[in-house]
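The structure appears right after this line, and notes come after that.
A note on names: the letters A, B, ... follow the listed sequences, proteins ahead of strands, and every chain is numbered from 1. Owing to the predicted nature of the structure, the values given are computational and were not obtained by experimental measurement.
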Amino acid sequence: MKYWLMKNEVEDYSIDDLKRDKKTLWTGVRNYQARNFMRDEMQPGDLAIFYHSNAEPSGAAGIMKIRGKSLADPTQFEKTSDYYDEKASHEKPRWFLREVEFVRKLKRLVSIQEMREIPACRDMLTLQKGSRLSITPLKKGEWDAILKASEKNPRG
DNA sequence: GCCAACGTTGGC
DNA sequence: GCCAACGTTGGC
């Protein structure tokens, strides 16, 4: 089983929205590397951190589970969508996604500043300067360290 | 196939 | 709102 970190802008869709919906399609990813992770690398049952970006503060907010196999992102075919892609067709979809299922919120949000201070997270892709990739694999040690931090009191 | 220009991401 | 860093586009 693999671990992932998946970013979303908190105003657009947050962990609370996923909690309400129980599951959702992870639409709108328009980066090839992130697409390849979703299309080729994810497996049903993998776990992912739901990361709030453009938040105050940004950070790890919850846990979700990958469901099913990869699907064509329906928004690429919707002319009125921000994510419409005129070069994509139903015969040859360009963008793929997974359905994700709410597992739980973290006891408290682990901010990006806090993650930077965790030794086990030193090499995390999301924390590297200039990193913009919205979906990244997490090592087990990184996953464990973030969850552990969420159980501790802040500054503790 | 190079690379400048442009658009986007996302922390701050 | 700023802007560094990055990805994409398109002229050549």
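Under the 3.5 Å distance criterion, with hydrogens and angles disregarded, no donor-acceptor pair is assigned to the side chains of A/Arg67 and A/Thr24. Using a 3.5 Å distance cut-off with no hydrogens or angles, the side chains of A/Arg94 and A/Tyr32 do pair a donor with an acceptor.
Proximity of the aromatic rings of A/Tyr84 and A/Trp95 is defined here by a centroid distance below 6.0 angstrom, and this criterion is not met. Ring pair A/Trp26/A/Phe50: centre-to-centre distance below 6.0 Å.
Taking atom CG of residue A/Asp85 and atom C1' of nucleotide C/dG7, one finds them 15 Å apart after rounding to whole Å.
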Enumerate the protein-to-nucleotides 8-12 of chain B contacts in which both atoms are nitrogen or oxygen and the separation is below 3.5 Å.
unit_1: B/dT8; atom_1: O2; unit_2: A/Arg132; atom_2: NH1; d: 3.0
unit_1: B/dG10; atom_1: OP1; unit_2: A/Lys7; atom_2: NZ; d: 3.1
unit_1: B/dG10; atom_1: OP1; unit_2: A/Arg132; atom_2: O; d: 2.7
unit_1: B/dG11; atom_1: OP1; unit_2: A/Tyr51; atom_2: OH; d: 2.8
unit_1: B/dG11; atom_1: OP2; unit_2: A/Asn54; atom_2: N; d: 3.2
unit_1: B/dG11; atom_1: OP2; unit_2: A/Ser58; atom_2: OG; d: 2.8

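Looking at A/Lys2 and A/Glu41, a side-chain N of the basic residue comes within less than 4.0 Å of a carboxylate O on the acidic one, giving a salt bridge.
For the pair A/Arg30 and A/Lys129, nearest-nucleotide mapping onto DNA chain C gives the more 5' position to A/Lys129.
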